[in-house]
Structure formats: C-alpha cells, structure tokens
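Following: one structure in structure tokens, then a few remarks.
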There are 2 protein chains.
Amino acid sequence: MATDRPRPVTLLDVANEAGVSVSTASRALTGARRVRGDLERRVQEAVESLGYRPNEAARGLRMARTMTLGVLFHRLNSPVSLDLIDGMGAAAHEARYSLAVTSARGDKAQYTSLFRHFYGQRVDALVLIWPRGDLSAHLAPFARAGVPAVGIRWEPGEPGLTVVSADTSAGIAEAMSALAGMGHTQITVIAHGVLWVPPNLRRNYIDQAAEAVGMRLRRRTSRESGQTLREIVTSELASEEPPTVILAGYSEVGEVIASVRALGKRVPEDVSVVSFADSRFGAVAQSEHAAAIDVDSFELGRRIAAVTLEAIENGPPSEDLRIRGLSHWSPGVTIGPAPRR
Amino acid sequence: MATDRPRPVTLLDVANEAGVSVSTASRALTGARRVRGDLERRVQEAVESLGYRPNEAARGLRMARTMTLGVLFHRLNSPVSLDLIDGMGAAAHEARYSLAVTSARGDKAQYTSLFRHFYGQRVDALVLIWPRGDLSAHLAPFARAGVPAVGIRWEPGEPGLTVVSADTSAGIAEAMSALAGMGHTQITVIAHGVLWVPPNLRRNYIDQAAEAVGMRLRRRTSRESGQTLREIVTSELASEEPPTVILAGYSEVGEVIASVRALGKRVPEDVSVVSFADSRFGAVAQSEHAAAIDVDSFELGRRIAAVTLEAIENGPPSEDLRIRGLSHWSPGVTIGPAPRR
DNA sequence: TTGTAGGCGTTATCAT
DNA sequence: ATGATAACGCCTACAA
C-alpha cells in the first residue's frame, strides 16, 4: 500500500482550517512565541478536528534532531536487558524520545554494521550496553558529529564514551552484615547462572563485603568444575567447613533449596539460602519469599537514559558515573540464625 | 552540545568532492538509473573519504517512509519478549529498517500515548505484542493513513489488525507421542510460571496432544491451590494415580527434579520430567540436558517482522497467520521408560 | 547520461 | 503579533 496511501494531515492543513498562516500555526503549537489567544484556540481546535500530529522526520530534518536514542546491545540474552529497555524507554518517552533498539547477537560484523546504521539514522545519542571489543573506530564518527555516547559496563575510562556502572555494593554489604549478625561465618557463592560474571567489580563487591564482616567465602562454579548444581551443593555441605549460608542466582535458588532438603537438611534451620535477583523477572521467577539481594535494573535503565538525555542537552559529563542505591537486601523465609556446631 | 555540532557531510559535499551534481551522486548511490562507470567510482570514493551516510530523516521526508517499525509491548516482562525483539531486529535490520521499541508497562494511558507517539513518528508499520483492551480507536488513524498493523496474540479476527499466532502444537504432540511410546500414561502439567497461560490455544494444544495418544492429564497450578512447587510435587506423587511424567516450565524443572529426589524417587527411573522452554534464556536457564519442548521465539520474531515488512510493501495479507514449525521436542536425560506398577 | 529545479513538512529569520 | 520565505537533505520529474 506504500504507493497510494492518503497524505497525512500537515501543518498547512491545520493552518488553512484555522484560517492562519503556517508560521502562526507552528508558533501556536511549539509555544516559541506568544500568539493571540483566540488564534491559538482556533489552531488547537483544528489540530483536534483534523487529528494532526507533527511529522517527526520533517521536524528532525529542520532541527537537526531525530529525538531518537540508538541503543546497541552486544547481545540480548538476559532478563536484565528487558529491564534496561523498559527503564530506558520510560525515561526516553517522558522526554518525547524514541528508543531504536538493536542487538549485534554477538557478531562482530553486525556490531559494526549497527554503528553505521545508527549514524545514517542520525540518532541523537548512542547507548551501548555491555559493549565488547575496540570501540574507538566505531565511536569516532559520532564524536566528530558531537553525538554523545553512553555505555554501561564495568570498566570505566574509554575515551569518547561516558561509562555508567551499577554499584551494587550496598545491597550486598547489607546482606552480609545481616547474615553475620545472625551468626553466620561461612558462605558459599554458587556462581552458576546470573551470578557468574567475569572477574569484575561485582565479584569484588561480594568478596569485600564478606571480608568486611569477617565472613569466610568460598566460590563454586559449574563452569570450572563441570559439576551439576546438586553435586556442588552436596559436596559443599559434606565439606570440612560446610557453609551456613549459600548465595545463588535467582534461577538456581529453587534447585539449591530442594537439593539441600534432599540431603535431609532443613532451610533455614540447617542452611540459609540467599538469592541474587538482578531483574524483575528474576524477582518473580525465584522461589517466593526467598531472602534476596535485589538489583533494580529497571531503575538503572532509567538512569542511563537520563544521563544520555542530559548529555544531548549539555554535552557529556566530565567523568564516568557509578550509580548507587540500585541494590537492596530483602530478608525472607529462607534465612535464619546460623546453626550451632 | 546540541548547539554547535559540526554539520555532518551531505550528498552535496559528496557531489562537490566527486565533481558531479547532486542528482548524479544520488543516482550513483541509489542505483535508480545507470551512471557512467568512472563517475560512479568517483562518487563512491568521495563517499568513502568523507564518510558520508545518507540522512534517513531527509530521505524519509522525501520518500514518505521512515524505515521504522513501531513495536508496542503491553508489558515487557518475559524473556520471550527478548527473543521477539532480537528476532524482529534481525529481520528488520536486514531490510534496513529500525525497530522503535516501547512498553506501556501495563498502563492503559501509556498505551494510548504510545500509539500517538508512533503516529507522530510516522512509523511505516505497527507491531503489537500481546495487545490488550479495545484497539479499534487506536488503530483507526493508522488504518486511515494506510499503515499496516500486525499483532501477536492468541485470538485472531481483529479488524484492521493482522494477527499472528504461534502454533506450538507440533512440538507438544511430538513430546506426547514420544512419552506414550515409552509407556507413559499419566502426566501432570504444573502450570506455574511460563506454563501458566489463560485458557487459550496453547492450553488446548497440550490437552489435545495428550488425548490423541491416550495420556491422562492432570493440571496443577499454585495460582489456584496456593501450594508451593514442592507441595504440588509431593501431593502428586502421593496421589492414587501418580504421574509417570511431569511437565513444568523451564524455571521450575530444577526444583521439580530436586523435589522428586527429596521424596526418595529417582529421575528418570521413577518419574520422568519434561521442561517447557519458550525462550533462549529458558533453554539455558533450565537444568542442562533436561528433556524439553522448545519454542523458538526468536524465529517467531523474525517471522512477525517479515510479515510486517511484506505488509508495508504489498498491503496486509488477506487473513491472519498461524505460524508452525517453531516448536520441537528435544529428548534428554530426564526422561526414561515408564516404571512398571 | 547529466544537470536544474521543485518539493516533502517543519521551524526560524525576516519584514511588515 | 503575524505572514511570507528560506532553509534542512534528499529524490525525481523534467529539461538539456
């Protein structure tokens, strides 16, 4: 139907209907300058009756602004991405911006192609979610055009990129101190699903929080050992210094709890279990009422978009951002006082 | 920096650099008409050296096409959405289209607002993911402008909307017949997480597939009973006619298996367990090597985008679409022959 | 085959 | 305060 679609109503139509010139109509709508009250009213009426909506492409051409944020995922594989999209969308839409979402699906050539695509689209800003590889060549054209780029990742300090990272230490520290306060001294972190991350800030957060409260920590992962979740739990509880708490990702807590029970132990009387939920999906998917360290990725998305919009308006901030207050400790029925030995 | 950003290179710049007129440059790039070989080469060189990329806003204004698909989620809460976005993005990007992704976050007013937003953006088509409520008022302006709308949902037959739905019966039927072939006669479907759906096509698929192979089926859900997963499994296995197979969503299989074992029964010798994985995340998150009914939501996304792009080109199809071949049965270590009674 | 010119819908500059 | 007019960057009749 692309051939014969009826021409949508334009500003000229509105102006004619209202009996004014296009410039007056435009002014009445943008509010740049004052127009006479009755004329403004007539324009508004014409807009209503004709169902006029300004053509963003034309506006973009004229204003050299597309009101579009180009969001580039290296890969779209985690529910966290959903929250980020949702959060960014919420903030962007409030500011009348659109979100052009893309994923390279882990492919390097795609990644390059998407940068070019966004350049052609003249996005007002670039948002890179967990980017990989060398970005400098990709970012250069945007930098030249004054298009800000904001990225979420752990390592700051990329030239031409404002790096935003989530500081989840608060919730982790809260959890550790709550557990320590209940007498726990030995924790096992099962870095299996969402809790598996490359050696980075979040891993540090956990280590440091444990150390700060004198909690001995063991980290187990099926990636290295090739063991199943159940085998890991079994060997841990049979070890010389068995943990009194187990921390696992939200997609594993159910199985962890069931595995503990399969060994004839009770949760939380014999072993406490804590979930790590970094997405709203995770918070729902984990066993209900499990104690959890929650991370608000939706809010993280909002904040990233806010930073980006701000950068469009006033230029990039002078330094990278570490966003706090996104994580919190949420007690639940799966934790209790440490058992006596 | 919005104020003083350097003007990006335009087609005129390219034409000057190549020593030709804009129209020649344009033709050399769009390939609409033939241009002399050497001129075409010079234009290409100019494009390279200047780093020219056509301004899509200008092109969109001229062509009355924005090369943008407006994707509207009623809510962004399931990993399936991720696959859909990724799949739609893959197909759209191949066709040089962008994906403007939005979510109403379950809010009715937002929903309305987003339709208006997309209308202003002059998206070339609308894609509605599991839309709710009365659409006719929202769709009318788009219909008037000849903008096709494609939606994914279970119930077809919305005027002005091409409804696409996933027919997952094949994979389910395969699974049932494989299980029946192993001697299973009693299955319990735990409709807890992803497997909980309102009474609809998919529920029918499961019922019909079970009936077709003479499998007795019981459906249990925590939503109605208020029981935990573990309690459901326990009561099921203690019932008069205990199931020899349990079907559960991917986020529950781990816990189901562990719960079965906690009762002193073995998987799969005493009870077989099958997972339902409707997303790539689910396929990864479920216990490894579990037998599963997989649904390829990524491909579903691709297909939806393909239908949409086709509708832009040639108008909406004459009838709604039921897409097959997206589900398949994937055996695994969690199933075995039915135990003798 | 190439160049000139007009227009897509909007905002901004300039007169009035 | 309002209206005519000139861009924004691109494509495409039309004329050469």
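Chain identifiers are assigned alphabetically (A, B, ...) following the order of the sequence lines, protein sequences preceding nucleic acid strands; residue numbering begins at 1 within each chain.
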N/O contacts under 3.5 Å, protein versus nucleotides 6-10 of chain C?
residue, atom, partner, partner atom, Å
C/dG6, N2, B/Arg62, NH1, 2.8
C/dG7, N2, B/Arg62, NH1, 3.4
C/dT10, OP1, A/Tyr52, OH, 2.5
C/dT10, OP1, A/Asn55, N, 3.0
C/dT10, OP2, A/Leu11, N, 2.5

Closest heavy-atom pair and its distance - [X], [Y]:
X	Y	answer
B/Thr66	B/Gln121	CG2-O, 3.5 Å
A/Tyr97	A/Leu69	CD2-CD1, 3.4 Å
A/Leu99	A/Gly89	CD2-N, 3.4 Å
A/Trp130	A/His74	O-CB, 3.4 Å
B/Gly51	A/Tyr119	O-CE2, 4.1 Å
A/Glu17	A/Ser49	OE2-OG, 3.9 Å

Hey, is the side chain of A/Ser21 poking within less than 4.0 Å of OP1 or OP2 on D/dA4, counting only N and O atoms?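 Looking at the OP1 and OP2 atoms of D/dA4, neither is under 4.0 Å from any side-chain N or O of A/Ser21.
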Rounded to whole angstroms, how far apart are [atom1] on [X] and [atom2] on [N]?
X	N	atom1	atom2	answer
B/Arg65	D/dT12	CZ	P	12 Å
A/Gln121	D/dG9	CD	C1'	16 Å
B/Met67	D/dC10	CE	P	15 Å
A/Leu39	D/dA1	CG	P	12 Å

Using the 3.5 Å cut-off, write out each protein N or O paired with an N or O of nucleotides 13-16 of chain C and the distance between them.
none

Can you find a pair of side-chain heavy atoms, one from B/Leu128 and one from B/Leu139, that are under 4.5 Å apart?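 Of all side-chain heavy-atom pairs linking B/Leu139 with B/Leu128, at least one is under 4.5 Å.
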Got a sec, which pairs hit salt bridge (Lys or Arg N to Asp or Glu O under 4.0 Å) with one end in residues 296-311 of chain B, sequence neighbours left out?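 Applying salt bridge (Lys or Arg N to Asp or Glu O under 4.0 Å) to every pair that reaches into residues 296-311 of chain B, excluding sequence neighbours, yields B/Glu94-B/Arg302, B/Glu299-B/Arg303.
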If the helix axis at each end comes from five base pairs, how far does the helix from C/dT1-D/dA16 to C/dT16-D/dA1 deviate from straight, to 10°?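 Comparing the axis at each end, I get an angle of 50°.
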Quick test of your reading: applying side chain to side chain donor-acceptor pair (under 3.5 Å), list the pairs with at least one residue in residues 78-88 of chain A, sequence neighbours left out, ordered by first then second residue.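 Only A/Asp83-A/Arg280, A/Asp86-A/Arg280, A/Asp86-B/Ser103 qualify under side chain to side chain donor-acceptor pair (under 3.5 Å).
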Partners passing ring-ring contact (aromatic ring centres under 6.0 Å, His included) against A/Phe115 (at least two apart in sequence or in another chain):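 With sequence neighbours excluded, A/Phe115 shows a ring-ring contact (aromatic ring centres under 6.0 Å, His included) to A/Tyr111, A/His138, given in chain and number order.
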